[in-house]
**Student:** 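I am attaching a structure below and will ask some questions about it afterwards.
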Amino acid sequence: LMFTLSLVILLRWFRRGHAKVWLGALVGLLVAVTFLVKYTNIALVAIFGVLMLIRMYQSIVSRHRQATLAGTVAILAAVLPVLIWFAHNNTHLDSFTGTTEKVKTLGWTSKPFSEIFEHPLFTPAGLWTFWEELMQKFWRGGFVWRAIRMAHKEVDLFYVIASSVLLIAAAATGITQKYFPQNNNKPHNEPNDRARPMTVQQSDPIVMAMVWTSVGLSICSLAVLSIAFDFGNSSYPSVKHPYFTSGRLIIGMVVPFLILYVEGLAFLLKWLTGTIGPLVFVGLTCVIMTISEIALTWPVLSNEFNWFHLP
């Protein structure tokens, strides 16, 4: 929620050209808090940095002092809390991020640069393994009961195929509208145009740039963690299976991801009138997810050793 809230307010502040100092401070603080809550939200920091560079350049060139002040306050509000927290960690934990002791306890060690590219993630099979497991855990979570991963193979397969196909379709939407725009030049008073709503990529390319960046950098952050460490005797990730695929770590990108999901649906089902086709598919997806999760967790919830059944 913090990731999405920060992204929405940041976009509105950037697009409307607000020069209010308090709003700049709010935007900066939201970005800082979101990053400090989970470091894998670094995608938001990257988006904030790029937008602030553009905003500051525009305000300086136009000599808009109030806008320059608001941008400066936003940057300070984002940077200072992070610096203070990093300084606190370094003082008490001898680590800026506060994760060094955790890494040592888990038995992980940093890989030398010469070994980075030996990781299986740089092979087609390894890349697919990473993507497949990430999509499975992103949708259903990574719950374990009695040392067994709780999952339905058929539902996991649906998650992977649907996510892969619809993200490719979303990318095709952007490419089609950029390089083949003639189909979008029809008068908007035609019956089919009234029935079929404009997609996000048609209405706001800046939003889609932020959406793709959020999803791409979030996934890349887990890929970087996968290749950065030798996992030693750790069971997850492990030396034999060195993939960081905990979808919960990048759950902040869920709204941007769902936007691309629906964009892909709209592209594949554009031959249908209106939004009936995409809504039916989304509805079926929700039903499949709900039934699957209930079936998976029912043995846990009904077990007498479950926490809820303890006296």
**Student:** Please report the shortest heavy-atom distance between G252 and F3, naming the atom on each side.
**Tutor:** O-CD2, 3.1 Å

**Student:** Can you sort out the partners of Y39 under ring pair (Phe, Tyr, Trp, His ring centres under 6.0 Å), two or more places apart, ordered by chain and number?
**Tutor:** F35

**Student:** Using the ring pair (Phe, Tyr, Trp, His ring centres under 6.0 Å) criterion, which residues pair with F138? Sequence neighbours excluded.
**Tutor:** F257

**Student:** Report yes if the side chains of P120 and Y243 come closer than 4.5 Å at any heavy-atom pair, otherwise no.
**Tutor:** yes

**Student:** Kindly give the cluster partners of V144, where membership spreads through any ILVMFWY side chain lying under 4.5 Å from a current member.
**Tutor:** none

**Student:** If only side-chain N and O atoms count, and only distance matters, is there a donor-acceptor pair under 3.5 Å linking H152 with S292?
**Tutor:** yes

**Student:** State which residues pass ring pair (Phe, Tyr, Trp, His ring centres under 6.0 Å) with Y57; sequence neighbours excluded, sorted by chain then number.
**Tutor:** none

**Student:** Examine the side chains of S163 and W139 and answer whether a donor and an acceptor come within less than 3.5 Å of each other.
**Tutor:** yes

**Student:** Does E263 form a side chain to side chain contact (heavy atoms under 4.5 Å, CB included) with M208? I'd like the steps, not just the answer.
**Tutor:** CA-CA 10 Å; E263 285 287 300; M208 288 309 300; 4.3 Å; yes

**Student:** Is the backbone of G142 close enough, under 3.5 Å, to the side chain of R149 for a donor and an acceptor to pair up by distance?
**Tutor:** yes

**Student:** Would a hydrophobic clustering, with Ile, Leu, Val, Met, Phe, Trp and Tyr connected at side-chain separations under 4.5 Å, put I84 with F96?
**Tutor:** no

**Student:** Per the side-chain contact (heavy atoms from CB on, under 4.5 Å) rule, which among T34, L29, L26 passes with S6?
**Tutor:** T34

**Student:** Hey, does T285 have a side-chain heavy atom less than 4.5 Å from the side chain of Y261?
**Tutor:** yes

**Student:** Using side-chain heavy atoms (C-beta onward) and a distance below 4.5 Å, is M253 in contact with L217?
**Tutor:** no

**Student:** Applying the 4.5 Å side-chain criterion to the ILVMFWY set and letting contacts propagate, would V73 and I9 be lumped into a single cluster?
**Tutor:** no

**Student:** Kindly give the heavy-atom pair with the smallest separation between M150 and W145, and that separation in Å.
**Tutor:** SD-CB, 3.6 Å

**Student:** Considering non-hydrogen atoms only, spot the tightest contact between L260 and A170 and give its length.
**Tutor:** O-CB, 3.4 Å

**Student:** For the atom pair CZ (F231) and CG (L106), what is the distance rounded to the nearest 0.5 Å?
**Tutor:** 10.0 Å

**Student:** Is it the case that the side chains of E133 and H241 hold a donor-acceptor pair, with the cut-off being a distance below 3.5 Å and no angle test?
**Tutor:** yes

**Student:** Honestly curious: do F113 and L121 fall in one hydrophobic cluster under the side-chain, below-4.5 Å linking rule?
**Tutor:** yes

**Student:** Does W128 reach the side chain of S164, with side-chain heavy atoms less than 4.5 Å apart?
**Tutor:** yes

**Student:** Roughly how far, to the nearest 0.5 Å, is CE of M52 from OG1 of T72?
**Tutor:** 7.5 Å

**Student:** Is L10 reachable from L30 through a run of hydrophobic residues whose side-chain heavy atoms are each under 4.5 Å from the next?
**Tutor:** yes

**Student:** Quick one: CE on M2 to CG on L7, what's the gap to the nearest 0.5 Å?
**Tutor:** 12.0 Å

**Student:** Just wondering, do Y159 and R140 contact through their side chains at under 4.5 Å, heavy atoms?
**Tutor:** yes

**Student:** Treating S246 as the side-chain partner and R248 as the backbone partner, does any N or O pair qualify as donor plus acceptor under 3.5 Å?
**Tutor:** no

**Student:** Given a cutoff of under 4.5 Å between side-chain heavy atoms of I, L, V, M, F, W and Y, with clusters grown through shared members, what are the other residues clustered with I291?
**Tutor:** V287

**Student:** Report yes if the side chains of F14 and I54 come closer than 4.5 Å at any heavy-atom pair, otherwise no.
**Tutor:** yes

**Student:** Please tell me whether V33 and W22 are part of a single hydrophobic cluster in this structure, the criterion being side-chain heavy atoms less than 4.5 Å apart.
**Tutor:** yes

**Student:** Heavy-atom distance under 4.5 Å between the side chains of F281 and L166, does that happen here?
**Tutor:** yes

**Student:** Can you name the side-chain contact (heavy atoms from CB on, under 4.5 Å) partners of T40, sequence neighbours left out?
**Tutor:** K38, S221, L222, L225, L249, I250

**Student:** Any idea which heavy atoms bring S214 and A43 closest together, and the distance?
**Tutor:** O-CB, 3.8 Å

**Student:** Between F48 and A74, which heavy-atom pair has the shortest distance, and what is it?
**Tutor:** CZ-O, 3.6 Å

**Student:** D94 and E101: side chain to side chain contact (heavy atoms under 4.5 Å, CB included), yes or no, with the steps?
**Tutor:** CA-CA 9 Å; D94 293 325; E101 193 62 32; over 6 Å; no

**Student:** May I ask you to decide if G126's main-chain N or O and T123's side chain share a donor-acceptor pair within less than 3.5 Å?
**Tutor:** yes

**Student:** Quick one: sort the H119 and F122 rings into parallel, tilted or perpendicular, breaks at 30° and 60°.
**Tutor:** perpendicular

**Student:** Return the CZ to CZ distance between R65 and R63, rounded to the nearest 0.5 Å.
**Tutor:** 9.5 Å

**Student:** Taking atom CZ of F143 and atom NZ of K137, what is their separation to the nearest 0.5 Å?
**Tutor:** 12.5 Å

**Student:** Could you check whether any side-chain N or O of R55 sits under 3.5 Å from a backbone N or O of W13, counting only pairs where one atom can act as donor and the other as acceptor?
**Tutor:** yes

**Student:** Could you check T100 against L93 for side chain to side chain contact (heavy atoms under 4.5 Å, CB included), going step by step and ending with a plain yes or no?
**Tutor:** CA-CA 8 Å; T100 300; L93 303 173; over 6 Å; no

**Student:** Give the C-alpha distance, both sets of side-chain angles, the deciding distance and a yes or no for side chain to side chain contact (heavy atoms under 4.5 Å, CB included) between V165 and L268.
**Tutor:** CA-CA 9 Å; V165 171; L268 293 179; 3.9 Å; yes

**Student:** Please name the pair of heavy atoms, one in W108 and one in P237, separated by the smallest distance, quoted to 0.1 Å.
**Tutor:** CZ2-CD, 3.7 Å

**Student:** To the nearest 0.5 Å, what is the distance between OG1 (T97) and NZ (K102)?
**Tutor:** 10.0 Å

**Student:** Does any part of the side chain of V215, heavy atoms only, come nearer than 4.5 Å to the side chain of I219, both counted from C-beta?
**Tutor:** yes

